[in-house]
Amino acid sequence: MCGIIGYIGNKKAGPILLDGLKKLEYRGYDSSGIAVIDGGVISVIKSVGMIEALDEKCSGGELLNGTVGIGHTRWATHGAPSDVNSHPHLSSDKRFAIVHNGIIENFESLRTELKSLGYKFVGETDSEVIAKLIQHLYNGNIISALRAVIDRLEGSYAVGIISADKPDTLYAIRKDNPLVVGLGNGENFIASDYTAALEHTKRFVLLDDKEIAEITATSTKFYDINGKLVKKTPYTIEWNIEEAQKGGYNHFMLKEIYEQPKALTRTLRPRISGDEIKLDKIEFDAEHLSSVERIDIIGCGSAYHAGIVGRSFIEKHCRIPVNNFLASEYIYSDPITGPKTLTIIISQSGETADTLAALKLAHSRGSKTLAVVNVVQSAIARAADDVLYTHAGPEIAVATTKGYTTQIVALYLIGLKMALKKGTITTKRYKELIRGLTKLPDKVEDMLLETEVEKIKEYAEKFYNHKCVFFMGRGTDYAASLEGALKLKEISYIHAEAYAAGELKHGTISLIEDDTLTLALVTQEKLYHKMESNIKAVKARGGTVIALASRANSKIKSCSDLLLTIPECDDDISPVLTAVQLQLFAYYVALKRGCEIDKPRNLAKSVTVE
Ligand code: F6R
């Protein structure tokens, strides 16, 4: 999705804005642009395509003089990628420039109205109306004009604004779209996410819905919709800039796969003290817990898959029925929920529009909401009754890796804590699982050793040209297969499908022919024999099977063609380990196919529109 960076200070804005835009590339974009004020005049440079093209057009930002500016990466929604549709957009009198993330739902009626008043539009975007509307509503006081603009806009927006009339001030407004103000020393920033400004500051203030930020190089003021000053408390982000850089890896995705031992430790360590689980401020009030009859786990994409893994674990240990919902389905399903349902919302970015809408819907029907989120102070984190941060660190690659495994571990912690409170788990089993969890980071580390990864590279070399790959498993291995298939298809563009192995004979087996590749996940001891039969059925039809099993399971080798292993681990928590092998498999297949791994086609990192 689109990205915003804004700068005000005493340095040349152009290079800083360009650099910020490069940090936002991961969100997905098809054009970019910057606007800088100099001598009371706003200059704009835009370009379709990669940021390198913009970089070249403005000589690394040096071509533009001025120390105040805004920049944008656009992901086309209304109107094709083109120079006129790219941001920043100018007002007709060229006194205002704006960048916008989100969708203005009433842009057509506003456009018609403004056109009838003589305003000329140059492109087809919804965003352009904002620039024209500001000009129209401006009568010498920008804060009043922005309040009036907020009143007129419907939809979602994060907007950065500069004005030739106030060349030493940067403005921002937002509703249902993320925007933070970064606080520097003699300089300040606006950004659609922390990574764009992280090189300059770790101190941020979050702009709330329908608020206005008025920012100079040395001051920040915030107003509510009534024009009243709002006091804000800055907070510090514990991410460091190295985490948001490739640091010697060819791709962010590979770096983030290798960061998993550290990320998992960060999810686990502060929460486990001896045998006790402390979930920050989440206590699971015994009375509320005893009234909970059902748990709904909601997310999109990989977060939804993490929820499916969590479901097996929570149902098994807490003896509460758990439902998984895709957020986009949930919100239009008139869901049966209320005070007796606990809703767990999962989102790495904390900004996914459908997931946020699902949270709000569950909440409005009386359900308590608990969010499992990575990005601190994100919309979902703030809207939920309780939040458990995964602390995975910044995730830049579009395909989630450490975001996903840390979500699973967070769900395990929630499940164990609830199970102990409810008395549905024995102390012995509880302690076994705690021990298993604390060993996970080391086990992942072990799997990432070069010798282990060599085999995956070898298999990628062998199978990268396949047109279709199946993933199968039973129970929690089926849940893990869903994510394995998604990872492969999104970054390598190979058609991949996951199915519950027992379903094979109910349809999918008709697709198995000579050389069809199937990855069979076999980590559940009690289901081993069932999986053995499924593997044999695939092989009998000419298919090739790579089994993914525990190193302790020596028998599986004899019935499959090839083998990938995970270190010995408790069956209940194996999906964290299988995920790592499947991520590496997808990565090396995509690498071999020459795909754009960090930014797969048509995909964006954070889906802030429906
Ligand atoms: C796949 C992937 C997506 C996200 C989904 C939800 O690799 O990253 O499927 O999992 O868009 O995003 P969040 O977790 O930010 O809500």
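Start at 1 and go down the list; that is how both ligands and their atoms are numbered.
Residue Lys487 touches ligand 1 through its side chain alone, judged by heavy-atom distances below 4.0 Å. By the criterion of a heavy-atom distance under 4.0 Å, the side chain of Thr352, and not its backbone, is placed next to ligand 1.
Each of the atoms 13 (P), 14 (O), 15 (O), 16 (O) of ligand 1 lies under 4.0 Å from some heavy atom of Ser347. Residue contact check: Ala303 has heavy atoms under 4.0 Å from atoms 10 (O), 14 (O) of ligand 1. The distance from ligand 1 to the heavy atoms of Gly301 drops below 4.0 Å at these ligand atoms: 9 (O).
Because its NZ or CZ atom is both nearer than 6.0 Å to the ring centre of Tyr464 and within 45° of the ring axis, Lys592 counts as a cation-pi partner of that residue. At least one cation-pi condition fails for Arg203 and Tyr235: the charged atom is not both under 6.0 angstrom from the six-membered ring centre and inside a 45 degree cone around its axis.
A salt bridge links Glu25 to Lys599: one of the charged nitrogens lies within less than 4.0 Å of a carboxylate oxygen. Taking 4.0 Å as the cut-off between side-chain N and carboxylate O, Lys402 and Glu256 do not count as a salt-bridged pair. Comment: Lys232 engages Glu211 in a salt bridge, judged by a side-chain N to carboxylate O separation of less than 4.0 angstrom. With salt bridges taken as basic N to acidic carboxylate O contacts below 4.0 Å, none links Lys455 and Glu458.
Residues Thr343 and Ser367 have side chains that bring a donor and an acceptor to within less than 3.5 angstrom of each other.
Protein heavy atom at the shortest distance from atom 11 (O) of ligand 1 is Val607 CG2, 4.3 Å. Counting protein heavy atoms only, atom 7 (O) of ligand 1 is closest to Glu490 OE2, 2.5 Å. Closest protein heavy atom to atom 15 (O) of ligand 1: Ser349 OG, 2.7 Å. Ranking the protein heavy atoms by distance from atom 14 (O) of ligand 1 puts Gln348 N, 2.6 Å first. Atom 2 (C) of ligand 1 has its closest protein heavy atom at Ser302 OG, 3.7 Å. Residue, atom and distance of the protein heavy atom nearest to atom 6 (C) of ligand 1 are Cys300 O, 3.3 Å.
Within the structure, ligand 1 lacks His305 among the residues with a heavy atom less than 4.0 angstrom away. Residue Val398 places a heavy atom under 4.0 Å from ligand 1.
Remark: ligand 1 and Glu483 share no N or O pair separated by less than 3.5 Å (distance only, no angle test).
Cys300 pairs in a side-chain contact (heavy atoms from CB on, under 4.5 Å) with only one of the listed residues (Thr352, Leu326, Ile346), which is Thr352. Across Leu433, Val576, Leu268, a single residue satisfies side-chain contact (heavy atoms from CB on, under 4.5 Å) together with Tyr412, and that is Val576.
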